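Since the structure is predicted, the reported quantities are computational estimates derived from the model, not experimental observations. The basis for the numbers below is simple: all heavy atoms, side chains too, and nothing from hydrogens, waters or symmetry mates. Quick note on labels: first sequence line is chain A, next is B, and so on, each numbered from 1.
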Number of protein chains: 4
Amino acid sequence: MFFSINPTNGLAIFDQIVRQVKFAVASGTLAPGDMVPSVRELAKELAVNPNTVVRAYRDLTSEGILEAVRGTGLNVTEDAVAHCEKERLALLRERIRHVLVEAHSSRLETSEIRELVEEELTRLERTAKGKRGKKGADS
Amino acid sequence: MFFSINPTNGLAIFDQIVRQVKFAVASGTLAPGDMVPSVRELAKELAVNPNTVVRAYRDLTSEGILEAVRGTGLNVTEDAVAHCEKERLALLRERIRHVLVEAHSSRLETSEIRELVEEELTRLERTAKGKRGKKGADS
Amino acid sequence: MFFSINPTNGLAIFDQIVRQVKFAVASGTLAPGDMVPSVRELAKELAVNPNTVVRAYRDLTSEGILEAVRGTGLNVTEDAVAHCEKERLALLRERIRHVLVEAHSSRLETSEIRELVEEELTRLERTAKGKRGKKGADS
Amino acid sequence: MFFSINPTNGLAIFDQIVRQVKFAVASGTLAPGDMVPSVRELAKELAVNPNTVVRAYRDLTSEGILEAVRGTGLNVTEDAVAHCEKERLALLRERIRHVLVEAHSSRLETSEIRELVEEELTRLERTAKGKRGKKGADS
DNA sequence: GTGGTCTAGACCACC
DNA sequence: GTGGTCTAGACCACG
């Protein structure tokens, strides 16, 4: 459904899941009270080991974003929205800063970096449009 | 000297060293025939274990970017420049794309992403100017 | 199992492992999709440090002969066979040439060298037969 | 003059020198009473570090093959011939056996190994003839 | 359980 | 002094 994993991302798989849940909450795709997919279901969908999903859900639970409902599953908490909205930009900003710092320390001019970013951003938009035009899209 | 390690940027230390050597070659900071800092020296400077530097240098050697001169050290090969110039953009582009893809999949609008990048880029420029204005400061 | 280390043959241990994996692939003893022994297992079997095996496996991985399957182990790639078949003869030929060159430069006649080789080859055959005749014996 | 170094031989440089001196003695190229080249001279000729030659000569001296003549240099001892003649075959045989063992353990048939050796031996003869035809020859 | 990374420190060959 | 190799043992992420 809304998650997609890229194993060569630099991010650990469980971390990608954690972040994507947070992003989904921040963007309203996942609302308080909604259930997240079961561990098995998500593990199958993403073709990862169930324990990896367990790990991600455990982290989210201990951060108060998910809560266990006995015998039912995990659902998004009330507090989650505020928490995730704040965190979304921070998480992204952090990664963006890291890569920009590296680009800068490689002695690329700011303008060259900006150009690189624009190129990739444009390519991304084009891809996104293409997918939207069709139907579902995955990574 | 010209290398700096950031333990929280998601990249393995040896990989950061590898990339920084490549960037230094690409930008001309390190020219063919130049010697890279000795294993022990760099290890001390970066406060990492010598074996971590050995690992990075070995990888660079097997990529043909460095070559060992028995008993004297490692120097940058003639081929290195072409190799690194090509690779610099590819390496950076790769990381940039990954973070942009994540930002996009978090349902941020392209304009919002662009804004985030601009903010960080501006902050980066300001920091850089600041440093230049003073004297040497390091990360 | 199929690997054996000889600490006095002039080759580094990790290199002997690398070569033996390649040879096993070239000879079909190890087929694409097969898992190589785990780092810890092989280290124990050869009585070497696990890191030495790690080093060998890493080299093989970066040559595209092995690939890591997260959390399960390393397996032989599809490409490995072609790669290793070509390399087997090259690796052996290289070593053979070196020793023949030395023998020749020691002013031995070609016929004398040939004789030496034949003697050792015969002894090798006899030993091999002996082993086959019994049961398993190792070096 | 009669020595040549191959840095990619698998053998350490000092060891190549040691062996070549022994071979020269065994073949009569160097006779008891003959002086070996001075450390400086040989180091320059082979383009290696003088300390490497010192190391080789030290080993040879402690084996009783060379002896120091105060203020003159090093010369070949009386005992050297017998010693070296015996050792020549042993040294070569040892290396030959190592490579044959490896070839055999790579599951090459004896006939295939023999073929490989013959090919390289033939190539060696051809090269040697070529050189002899001309004048001096180097590695 | 698996491999990946890192630290710590040893010995060797070579300059 | 240099790099190369090996040992020993730790921690992490993933299955």
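Rounded to whole angstrom, the span from the CG atom of N6(C) across to the P atom of dC6(F) amounts to 13 Å. In this structure, CD1 of I13(B) is placed 5 Å from P of dC6(E), rounded to the nearest angstrom. Between the NZ atom of K44(B) and the C1' atom of dT2(F) there is a distance of 15 Å, given to the nearest Å. For the pair D15(D) CG and dA13(E) P, the computed distance is 9 Å after rounding to whole Å.
Relative to the side chain of T52(B), the nucleotides dG3(E), dT7(E), dG4(F) differ in distance, and dT7(E) lies closest.
The base of dG9(F) sits with one of its N or O atoms less than 3.5 Å from a complementary donor or acceptor on the side chain of N51(C).
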Secondary-structure string, 5' to 3', Watson-Crick or G-U under 3.5 Å, | for another-strand partners, for DNA chain F: ||||||||||||||.
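Electrostatic pairing of E41(B) and K44(B) does not count as a salt bridge here, judged by no charged N lying under 4.0 Å from a carboxylate O.
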Pair E87(B)-H83(B), side chain to side chain donor-acceptor pair (under 3.5 Å): steps then yes or no: CA-CA 6 Å; E87(B) 216 179 348; H83(B) 187 124; 3.2 Å; yes
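Proximity of V48(D) to F14(D): side-chain heavy atoms (C-beta onward) are nowhere separated by under 4.5 Å.
Mapping V48(B) and R40(C) onto DNA chain E by nearest heavy atom places R40(C) at the nucleotide closer to the 5' end. Mapping G71(B) and A47(C) onto DNA chain F by nearest heavy atom places G71(B) at the nucleotide closer to the 5' end. Remark on DNA chain E: of its neighbouring residues G73(C) and V69(B), the 5'-side contact belongs to G73(C), judged by nearest-heavy-atom nucleotide.
Applying side-chain contact (heavy atoms from CB on, under 4.5 Å) to Y57(C) and the options T52(C), L42(C), I65(C) leaves one that passes, L42(C).
Of the residues in residues 55-67 of chain C, not one places a heavy atom less than 4.0 Å from an atom of DNA chain E.
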